[in-house]
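Remember, it's a predicted structure, so these values are computed and weren't measured experimentally.
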Amino acid sequence: MNYQKLKDSDKIVLIGLGSIDKSYEQLPSGLYKLEAVGMGIPAFSPLKSAERMVEFTSGVMQDFTKEADTFFVKETQEIYKEMGITHKVGYILYGKHGTGKTCLAVNMMKMLKEKFNAICLDCTRHKLNFGISTAKEIRKHQDNFIALFVDECDYDIKNDEQTYLAFLDGTESLQNVMFIGCTNNLSKIPERIRNRKSRIKKCYEIKGLPTSLYFQFVKAKIPSLNEELAHEFSFKAAEKELTLDQFKAIQKYAQNFI
């Protein structure tokens, strides 16, 4: 069964629902928003951000990149295979609303795609079972690494904890798969999920946005602001740990520095 891109659409489906633009023997690596069309048929739309994407290069992103460089190498895969352990891993990003968790998660998936040819699926607002079944279908056609992302995952875990347990460390675990979840409140994630390394290897606390991110935003929002003032404003914004929502009102805050 081929993957098929629909005409006049950026959507790729497993079964054509209309005029076909092109077909693929395998789903191209990339970042996709997972959707359901027809009778629960998976569709893959390029994952787009409402905000201008800002690159994270330090802090959690730097640590995650080192982790990925170790996890995805063939030597690690062979060790897992020899030990009879499923080659999979999970991460959770947590912190107050507006600290850039989702933006960071997208950066993480972008890195996985670029460095490891990964297929990254945003399964938010879908039952995890749909993401699992889609990953299994992809695995029938190709062996790319797969990342499943769920934003505000505490809601889904609360309503479907057994499915998460089976996926993260049980009968539904898949080879060469990574789970990335975001939550505003880590305490809402059951301890038997977040405190077991075989299920969630690390929980990263995201306290605030890096100064470089504030700088990129302020230059995009107020291009007339000179470099010195932009750096000063960015430093003060990071010092006060402004959220993204607060920072969107940047013109108002910037008046204090212009």
Side-chain angles (χ1 to χ4, degrees), residues 27-34 46-49 51-81 85-96 98-124 131 135 138 142-151 153 167-169 173-183 186 189 193-194 196-217 234 238 241 244:
L27 181 67
S29 63
L31 279 63
Y32 298 101
K33 182 72 177 177
L34 182 61
L47 183 60
K48 300 174 183 178
S49 174
E51 296 288 347
R52 173 176 172 269
M53 182 52 62
V54 178
E55 299 292 336
F56 285 75
T57 57
S58 59
V60 171
M61 188 65 200
Q62 188 174 36
D63 184 77
F64 176 79
T65 300
K66 290 180 180 179
E67 291 264 331
D69 285 341
T70 301
F71 177 73
F72 285 113
V73 296
K74 289 184 178 180
E75 291 81 358
T76 300
Q77 295 182 61
E78 288 299 320
I79 292 172
Y80 274 68
K81 184 177 180 180
I85 301 173
T86 304
H87 186 241
K88 45 79 183 174
V89 67
Y91 296 93
I92 287 179
L93 310 179
Y94 71 97
K96 64 183 181 180
T99 51
K101 297 184 298 297
T102 303
C103 183
L104 174 57
V106 173
N107 271 268
M108 291 162 71
M109 291 188 286
K110 182 180 178 183
M111 182 275 291
L112 294 174
K113 182 261 181 184
E114 293 175 349
K115 293 190 69 173
F116 305 106
N117 205 35
I119 294 172
C120 305
L121 305 178
D122 181 354
C123 304
T124 306
I138 293 172
Q142 57 206 95
D143 60 0
N144 297 63
F145 294 110
I146 298 173
L148 300 185
F149 168 64
V150 179
D151 204 359
C153 63
F167 169 65
L168 294 172
D169 188 26
S173 292
L174 300 174
Q175 292 286 355
N176 303 332
V177 167
M178 177 180 289
F179 171 77
I180 302 172
C182 290
T183 178
L186 186 64
I189 307 295
I193 289 180
R194 58 182 162 91
R196 185 163 174 174
K197 298 296 184 183
S198 61
R199 292 169 181 164
I200 298 297
K201 185 175 182 181
K202 282 189 177 181
C203 295
Y204 289 114
E205 182 178 10
I206 313 301
K207 295 182 178 180
L209 302 169
T211 304
S212 58
L213 186 148
Y214 289 115
F215 180 77
Q216 291 180 56
F217 262 92
S234 302
E241 296 186 348
L244 284 178

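Ring orientation note: the planes of H87 and Y80 are nearly perpendicular, at an angle over 60° on the 30°/60° scale. Relative orientation of the Y204 and Y91 rings is parallel, given thresholds of 30° and 60° on the angle between their planes.
Annotation: ring-ring contact (aromatic ring centres under 6.0 Å, His included) contacts of F179 (sequence neighbours excluded): Y164. For Y32, the ring-ring contact (aromatic ring centres under 6.0 Å, His included) test picks out F44, with sequence neighbours left out. Among residues two or more places apart in sequence or in another chain, the salt bridge (charged side-chain N to carboxylate O under 4.0 Å, His left out) test is passed with K201 by E67.
In this structure, L174 and V177 approach most closely via the heavy-atom pair CB-CG2, 3.6 Å. Between I180 and M109, the shortest heavy-atom distance links the atoms CD1-CG, 4.1 Å. Here the shortest heavy-atom pairing between T183 and I189 reads CG2-CG1, 4.2 Å. Residue I119 comes nearest to I138 through the heavy atom pair CD1-CG2, 3.9 Å, listed as atom of the first residue, atom of the second, then distance. The two atoms that bring T124 and D122 nearest to each other are OG1-OD1, 2.6 Å, heavy atoms only. What you find for C123 and G131 is that their closest heavy atoms are SG-CA, 4.0 Å.
Q142 contributes atom CD, which lies 9.0 Å from atom OG of S29 (distance to the nearest 0.5 angstrom). Remark: T99 OG1 to L104 CG distance equals 9.0 Å, nearest 0.5 Å. Atom CZ of R194 sits about 5.0 Å away from atom CG of L186, to the nearest 0.5 Å. Taking CE from M108 and CE from M111, the interatomic distance works out to 7.0 Å, rounded to the nearest 0.5 Å. If you take CD1 on I146 and CZ on F116, they are separated by 15.5 Å, rounding to the nearest 0.5 Å. Taking NZ of K96 as the start and CD1 of I206 as the end, the distance is 12.5 Å to the nearest 0.5 Å.
Proximity of C120 to L47: side-chain heavy atoms (C-beta onward) are nowhere separated by under 4.5 Å. Within the 4.5 Å cutoff, the side chain of F149 has no heavy atoms near those of the L31 side chain. Using a 4.5 Å cut-off on side-chain heavy atoms (C-beta onward), I193 and L168 make contact. A 4.5 Å side-chain heavy-atom check between Q77 and F72 finds every atom pair outside the cut-off.
Salt-bridge annotation for K101 and D151: absent, with no side-chain N of the basic residue lying under 4.0 Å from a carboxylate O of the acidic one.
Remark: the backbone N or O of R199 is not paired with any side-chain donor or acceptor of K88 at under 3.5 angstrom.
Residue K115 qualifies as enclosed at atom NZ: its count of foreign heavy atoms under 6.0 Å is above 12.
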